[in-house]
There are 2 protein chains.
Amino acid sequence: MHYQNLINIITDALPTLNKSESKVAKAILADPESATRSSIASLAKKAEVSEPSVNRFCKRFDTAGFPDFKIKLAKSLVAGVRFVNRNVDANDTVESYTPKIFDSTINDLALVRDSISHDVINDVVDQLIQAKRIYFFGLGTSGAVARDAENKFFRFNLPVSFHDDVLMMRMLASTGAAGDVFFVISHTGRTKEIIDIAKIASNNGAMVVALTTPASPLAAMSSIALEVDVPENTDEYMAMTSRIVHLVILDVLATGFTLRRGPDFLPHLAKIKNSLKPTRYQKDS
Amino acid sequence: MHYQNLINIITDALPTLNKSESKVAKAILADPESATRSSIASLAKKAEVSEPSVNRFCKRFDTAGFPDFKIKLAKSLVAGVRFVNRNVDANDTVESYTPKIFDSTINDLALVRDSISHDVINDVVDQLIQAKRIYFFGLGTSGAVARDAENKFFRFNLPVSFHDDVLMMRMLASTGAAGDVFFVISHTGRTKEIIDIAKIASNNGAMVVALTTPASPLAAMSSIALEVDVPENTDEYMAMTSRIVHLVILDVLATGFTLRRGPDFLPHLAKIKNSLKPTRYQKDS
DNA sequence: CAACATTACGTAATTTAATAACGTATTATT
DNA sequence: AATAATACGTTATTAAATTACGTAATGTTG
């Protein structure tokens with residue numbers, strides 16, 4: 001049921017297309033939004049090809065024809081804003097920068113959703129289920145992610161802690177052993193301290209799960225790497241969306257964990273949830 | 001530029017429609033996904049009306065005609081999961097629960113994006129710009145959000161701290177004064193301790209900004225409330241997406257802050273960014 | 001409640017859009 | 001260089017959508 005973003009598909013296919021097809025592709029990618037509003041005739045004119053070429057192009061991408069293609073393209077555009085310029089600039093107002101930031105976050109989530117390896121997720125859930133103890137490590141922004149992870153995973157009735165102090169991390173890593181999972185979160189995957197610490201844990205026979213960027217030193221040395229490829233923000237104004245993606249991946253892992261534990265585990269979760277009731281003012285309605 | 005979900009619009013308009021129009025509406029709402037794939041003729045047949053009636057129906061909803069309507073409807077279906085069951089259940093596999101969790105997060109972000117008040121955001125940015133000092137307060141999950149906020153806002157060269165310890169919060173609130181902004185984050189907006197603390201700060205003349213649920217006690221007592229209405233998760237398996245939304249809103253505020261400070265401020269941000277370089281292994285390429 | 005006006009909606013006609021069929025040109029293959 | 005295969009445009013055909021128009025139903029006013 002899950003579509004991969006049509007724009008990505010077209011972009012990927014670009015080198016394999018022949019002349020007129022790539023003309024069509026470029027015309028669409030130049031302004032996908034307007035493509036959804038134009039007729040086959042106007043798009044053909046814009047791409048400087050014949051109408052049947054556009055039609056053939058559409059069929060090549062597993063659509064019934066041009067109208068069907070337009071609908072699929074329109075769907076891709078909702079979550080996917082990759083080709084629309086959504087960078088915040090100095091002239092932006094609240095009305096314009098607010099949706100831009102939401103959209104770029106949404107877009108990154110959609111990209112990762114469609115690209116993340118389910119096998120790796122499964123493997124990580126396996127490791128977490130077997131773990132005798134879990135440590136979540138992160139510095140800076142990733143420290144906040146690690147903290148959130150602790151808050152989520154301690155509910156699973158096993159020893160979980162988070163750390164954002166490199167000395168504590170180092171000591172804990174040095175006492176690591178088989179059965180321990182060191183869940184290391186780092187956007188860049190290049191922070192020296194973090195990699196050192198992960199290596200210590202790994203050398204002690206502990207499992208190191210890395211939530212980080214592909215092809216980074218941390219990913220390379222870890223036992224399992226959850227690789228998240230979120231475009232680096234070169235833009236001064238733009239927020240770092242990788243931490244959001246990391247949080248959602250931790251949600252996915254927690255869900256996988258809960259499902260693996262089976263329905264007998266649900267009452268335990270409910271107990272924890274209910275424990276907070278007395279700390280709150282109840283709703284009157 | 002931002003559309004409200006077509007399905008909601010149609011549902012809302014249902015009582016105002018006349019006989020054949022409501023037939024069309026019902027036919028579409030019964031299976032919106034298939035409506036995007038059918039021709040005007042087949043939809044007319046399904047709704048037991050004439051083709052022009054379908055066409056008139058489309059035009060009533062601010063679309064150029066049937067094809068345009070289908071595209072807008074298709075877009076609505078992507079972000080809108082209202083009619084698609086996206087709840088995780090015990091039979092889900094990695095392949096199915098992973099996109100579900102991403103999608104529900106994306107959906108909540110889209111809902112807030114389209115409903116959040118830009119005026120309130122502007123007001124909050126005003127307050128943050130004027131602030132002599134900012135405190136981010138949160139407990140549990142919101143503690144992680146507060147921590148992330150500190151990490152973001154300290155870059156702005158003003159005294160910022162985050163706290164997740166109620167005693168510390170209480171003491172700080174009691175020393176609060178005009179010029180201080182207490183940025184209080186709480187998903188429920190009903191945590192007694194947090195509300196107490198916010199009241200202390202408020203009574204001392206400090207500004208209390210609440211990031212919380214509408215119509216909650218915290219929202220009611222705050223100076224400004226950033227109200228985020230994310231459906232409560234009754235589902236045992238489902239993650240809490242409100243914290244993600246909160247993080248994105250903080251991104252929006254930070255962006256608003258940066259823009260308000262103007263371009264002269266950018267070198268300062270670059271300096272902080274560069275300060276981390278020596279802690280990392282550099283890329284070889 | 002009749003006469004008129006207005007709105008609702010279908011039939012038929014027209015226009016527009018999309019696709020299929022076919023043929024020529026270009027490029028690859030031996 | 002000859003042949004095959006692919007690429008792509010022109011023309012023809014079909015399908016889809018829209019407009020124009022007329023009748024029926026409903027509402028309004030004297």
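Predicted, not measured: the structure shown is a model, and the values here were computed from it. Side chains included, hydrogens not; waters and symmetry mates left out as well; all remaining heavy atoms used. Naming convention: chains lettered A, B, ... in sequence-line order (proteins, then strands); numbering from 1 in each chain.
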Using modelled atom types only, decide if a donor and an acceptor are shared between the side chain of [X] and the backbone of [Y] within a distance under 3.5 Å.
X: Thr98(B); Y: Val94(B); answer: yes
X: Thr212(A); Y: Ser186(A); answer: yes
X: Lys26(B); Y: Leu14(B); answer: no
X: Thr241(B); Y: Thr105(B); answer: no

Short N-O contact, Asp31(A) and Lys46(A), less than 4.0 angstrom:
no

[X] side chain N/O closer than 4.0 Å to the phosphate oxygens (OP1, OP2) of [N]?
X: Ser20(A); N: dA7(D); result: no
X: Asn18(A); N: dA7(D); result: yes
X: Ser53(A); N: dG9(D); result: yes

Whole angstrom is fine here: how far is it from [atom1] in [X] over to [atom2] in [N]?
X: Ile40(A); N: dC8(D); atom1: CD1; atom2: C1'; result: 14 Å
X: Glu21(A); N: dA7(D); atom1: CD; atom2: P; result: 7 Å
X: Lys23(A); N: dA7(D); atom1: NZ; atom2: C1'; result: 12 Å
X: Leu17(A); N: dA7(D); atom1: CG; atom2: P; result: 10 Å
X: Leu43(A); N: dT16(C); atom1: CG; atom2: P; result: 19 Å
X: Phe66(A); N: dA17(D); atom1: CZ; atom2: P; result: 14 Å
X: Glu48(A); N: dG9(D); atom1: CD; atom2: P; result: 11 Å
X: Phe57(B); N: dG10(C); atom1: CZ; atom2: P; result: 14 Å

Which part of the nucleic acid, if any, lies within reach of [X] when heavy atoms closer than 4.0 Å are counted: base, sugar-phosphate only, or nothing?
X: Lys59(A); value: sugar-phosphate
X: Pro67(A); value: sugar-phosphate
X: Ser50(A); value: base

From the options [options], select the nucleotide whose nearest atom is closest to the side chain of [X].
X: Ser39(A); options: dA18(C), dG9(D), dA17(D); answer: dA18(C)
X: Glu51(A); options: dA18(C), dG10(C), dG9(D); answer: dA18(C)
X: Lys19(A); options: dT18(D), dC8(D), dA20(C); answer: dC8(D)
X: Arg56(A); options: dC8(D), dA17(D), dG10(C); answer: dC8(D)

